[in-house]
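Okay, structure first, notes after.
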Protein chains: 2
Amino acid sequence: MDKVTIKDIAKVADVSYATVSRALSGSSEIGEATRERILRICDEMNYIPDSVARSMVKKRTNILGVVTASINNPFMSELIEAIEITARENGYNLMVCNSAYDLELEKRQFSLLLGRRVDGIIVIPAGKETVANLSSYSTDIPVVYVSENIPDAGQFFVAIDNAAGAKLAVSYLQSLGHRKILYLGRREGSLTHRLRAEGVVAACRELGMEVVFKDNDNDGKSSMEAGCRLAKEYFRSPEGCTAIFCATDALALGAMQAADEDGVRIPEDISLMGFDNISFTALPRIGITTIEQPQLEMARAAFELITRSSEEENRQSISIEPRLVVRTSCRSV
Amino acid sequence: MDKVTIKDIAKVADVSYATVSRALSGSSEIGEATRERILRICDEMNYIPDSVARSMVKKRTNILGVVTASINNPFMSELIEAIEITARENGYNLMVCNSAYDLELEKRQFSLLLGRRVDGIIVIPAGKETVANLSSYSTDIPVVYVSENIPDAGQFFVAIDNAAGAKLAVSYLQSLGHRKILYLGRREGSLTHRLRAEGVVAACRELGMEVVFKDNDNDGKSSMEAGCRLAKEYFRSPEGCTAIFCATDALALGAMQAADEDGVRIPEDISLMGFDNISFTALPRIGITTIEQPQLEMARAAFELITRSSEEENRQSISIEPRLVVRTSCRSV
DNA sequence: TCCTCCAATGAAAACGTTTGCATTATCCAT
DNA sequence: ATGGATAATGCAAACGTTTTCATTGGAGGA
């Protein structure tokens with residue numbers, strides 16, 4: 001069965017194809033009777049408008065591009081799902097490209113999307129140089145970076161308030177009676193990590209708590225392995241912390257493994273908190289108390305930023321408030 | 001900066017735009033000198049070919065559509081990532097649509113993709129009626145269904161050999177000395193579940209093992225909750241099984257939770273196996289021995305089926321061999 | 001010198017829509 | 001009756017490519 005076009009419909013309905021187009025677009029410049037007749041014919045002939053041709057003339061595709069460091073990563077797949085929902089609600093489709101944490105590939109994917117003439121691109125960055133790399137492309141397609149807010153980069157960002165998240169965690173621990181905590185994470189490295197670490201320092205100072213650091217020097221292993229290694233190092237020469245706060249849930253998972261292997265009980269011997277609220281943390285036997293990044297909210301914010309790109313004035317990077325999710329990995333002391 | 005088209009290049013290079021097109025497409029019908037000159041100009045002017053216009057005339061988009069029941073589900077997100085890799089390696093982009101397990105939405109998404117003139121559609125079905133629903137669309141766009149092989153449906157499928165997977169599990173348990181096992185799952189319902197259940201029956205008969213069933217009557221709760229409930233029911237009136245084999249990892253996770261809450265130790269008191277090898281199962285504290293569905297292999301198979309649609313003869317549904325993944329949830333008796 | 005042939009290039013149609021403008025038909029007020 | 005406004009429709013250009021066919025120029029053979 002050959003693809004039926006607007007011309008075929010026009011022939012059958014004995015009108016010009018402009019009229020068919022108008023019937024379909026819901027234009028007011030058409031008689032009610034003809035509209036219904038044409039729509040019926042379209043239905044009978046299984047006509048599906050060609051989005052490619054439509055995009056060609058309208059100069060918009062109703063496609064949103066997504067370049068993500070990973071599709072499979074639980075945080076990101078939830079974010080992508082949230083973006084898809086938001087996009088669909090607004091009549092957009094999603095073109096999803098994986099950069100696999102590879103900056104070169106990320107550039108290629110980005111450029112590919114430009115060629116696809118997508119109406120906007122949401123980037124979940126592959127690394128620290130992502131923003132610098134991609135903002136060198138001169139284009140009028142709106143771009144939003146999600147999950148790390150770099151000030152003065154001349155780009156638009158959606159990110160949670162990492163410092164606030166850190167404070168949320170620290171003050172929760174304080175309310176439980178903890179006074180000295182271990183922070184597992186990187187103090188330099190990505191901006192996200194820096195902000196979280198600084199947030200911890202500030203919150204501890206403000207709340208009169210003591211913090212000791214174990215820096216993840218990021219030797220190429222997975223976060224979970226790193227968390228395991230660092231926690232074990234700490235257990236070998238403990239400094240009296242009653243809680244561990246990890247920069248990410250993956251680190252926390254590793255710390256949990258370390259605790260199990262070293263016979264340290266959670267939360268009886270030490271409390272444990274993560275950051276991100278990836279789906280893992282909710283599992284039975286895991287139950288890690290953590291700080292949530294509300295993905296749906298982030299997706300909506302990114303979408304707004306994309307589609308409001310015409311109104312340049314009131315457009316600025318958006319900061320999302322994190323949320324505390326209490327599970328079973330912390331106890332009061 | 002206005003979008004630069006092939007005509008702008010032509011004007012600068014002082015050639016016709018046909019020549020520019022030829023230079024870009026690597027056609028042999030062009031002088032080496034002009035080609036290089038044109039390519040240099042394209043580069044200088046940051047020219048990116050318009051895929052929309054190209055698709056319009058070539059009648060192919062180099063886009064693959066994916067309609068998936070969930071983006072976030074760990075099995076599916078891994079599968080989607082695998083599909084993206086395969087697609088990219090072959091010059092395709094992915095348009096990902098979520099059906100959210102909703103058959104109506106699934107139809108809309110499918111129809112949308114037809115309008116997008118994608119070169120093929122991979123469906124991860126939302127439910128039992130998916131195939132019947134979607135095969136009613138008359139289209140010459142190739143379609144492949146992943147993860148459930150319905151015979152004689154006149155469609156193409158990629159699925160693992162569920163019976164073989166079941167047998168793999170049962171004979172592993174037998175090799176560990178188990179002689180009587182509990183099977184948690186649905187015996188009717190989706191084909192996948194039926195095949196797994198039948199595979200268990202057949203394997204037990206063949207290997208001289210006894211099996212007792214707990215049917216998941218699927219009361220709308222999540223699989224994990226169902227697994228928890230069913231396992232608790234069993235623990236209340238045990239029948240001497242030394243191992244539980246669950247139809248899915250989610251069920252197994254629920255069973256594990258039930259065991260924890262009822263003070264049943266895994267694997268000391270009872271062994272536990274799942275099916276699917278979703279990423280959860282590898283986590284510390286979880287470590288569920290399971291049957292893997294190799295997603296990358298499935299993605300490649302689906303892609304082959306899509307792109308080989310012209311050669312109708314040697315094209316048929318593909319069955320993938322499952323693989324045993326041993327972790328710590330089983331012991332020998 | 002002339003013809004032939006081939007390589008390189010140009011002209012223009014085609015892909016399936018949307019939309020601005022022109023045209024016709026209809027209706028109401030004068 | 002006539003004019004003008006308005007509603008409904010048709011015509012044709014435009015979107016940015018690819019590709020077929022025609023044209024040109026020059027090289028090489030006789």
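Just so it is clear: chains get the letters A, B, ... in the order the sequence lines come, proteins before strands, and each one is counted from 1.
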Under 3.5 Å: donor-acceptor pair, side chain of [X], backbone of [Y]:
X      : Y     : answer
A/R35  : A/I30 : no
A/Q109 : A/C97 : no
B/R117 : B/T61 : no

Could you state the [atom1]-[atom2] distance from [X] to [N], rounded to the nearest angstrom?
X     : N      : atom1 : atom2 : value
B/R60 : D/dT19 : CZ    : C1'   : 16 Å
B/I38 : C/dA8  : CD1   : P     : 13 Å
A/R35 : D/dA7  : CZ    : P     : 14 Å
B/K11 : C/dT9  : NZ    : P     : 20 Å
B/E32 : C/dA8  : CD    : P     : 9 Å

Original post:
Just checking, any donor-acceptor pair under 3.5 angstrom between side chains of B/R116 and A/N93?
Top reply: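 Yes, a side-chain donor-acceptor pair sits under 3.5 Å.
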
Subject >> Smallest separation among heavy atoms of B/M298 and B/L79, with atom names >> reply: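 Heavy atoms only, the tightest pair is CB-CD1, 4.2 Å.
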
Subject >> Closest approach of A/A159 to A/S147 (non-hydrogen atoms, all atoms of both residues) >> reply: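 Minimum heavy-atom contact is CB-C, 4.0 Å.
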
Detail all sub-3.5 Å separations between protein N/O atoms and N/O atoms belonging to nucleotides 13-17 of chain C.
residue: C/dC15; atom: O3'; partner: B/K59; partner atom: NZ; Å: 3.4
residue: C/dC15; atom: O2; partner: B/V57; partner atom: N; Å: 3.4
residue: C/dG16; atom: OP1; partner: B/K59; partner atom: NZ; Å: 3.2
residue: C/dT17; atom: OP1; partner: A/Y47; partner atom: OH; Å: 2.9
residue: C/dT17; atom: OP2; partner: A/I6; partner atom: N; Å: 2.8
residue: C/dT17; atom: O5'; partner: A/Y47; partner atom: OH; Å: 3.1

Original post:
Looking at the side chain of B/T34, which of C/dT9, D/dG10, C/dA12 is the nearest nucleotide?
Top reply: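 Taking heavy atoms from C-beta onward, the closest nucleotide is C/dT9.
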
**OP:** Choose from C/dA11, D/dT9, D/dC11 the nucleotide whose nearest atom is closest to any side-chain atom of A/A18.
**Re:**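 In terms of side-chain proximity for A/A18, the closest of C/dA11, D/dT9, D/dC11 is D/dC11.
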
**OP:** Under 4.0 Å between any heavy atoms, over every strand shown, what does B/V52 touch: base, sugar-phosphate, or nothing? Just pick one.
**Re:**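 The answer is nothing, as B/V52 stays clear of every strand by at least 4.0 Å.
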
Original post:
Taking the inter-plane angle between the rings of A/F303 and A/Y92 on a 0 to 90° scale, is it parallel (under 30°), tilted (30 to 60°) or perpendicular (over 60°)?
Top reply: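 Plane angle over 60°, so perpendicular.
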
Original post:
Do NZ/NE/NH1/NH2 and the carboxylate oxygens of B/E36 and B/R40 come within less than 4.0 Å?
Top reply: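 Looking at B/R40 together with B/E36, the answer is no, because their closest N to O distance does not fall below 4.0 Å.
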
Original post:
Less than 4.0 Å between a side-chain N and a carboxylate O, is that true for A/R300 and A/E297?
Top reply: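 Result for this pair is no, no salt bridge flagged.
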
Subject >> A/T19 side-chain N/O to D/dG10 phosphate OP1/OP2 under 4.0 Å >> reply: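 Yes, A/T19 has a side-chain N/O under 4.0 Å of OP1/OP2 on D/dG10.
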
Protein-nucleotides 21-28 of chain D N/O pairs under 3.5 Å:
none

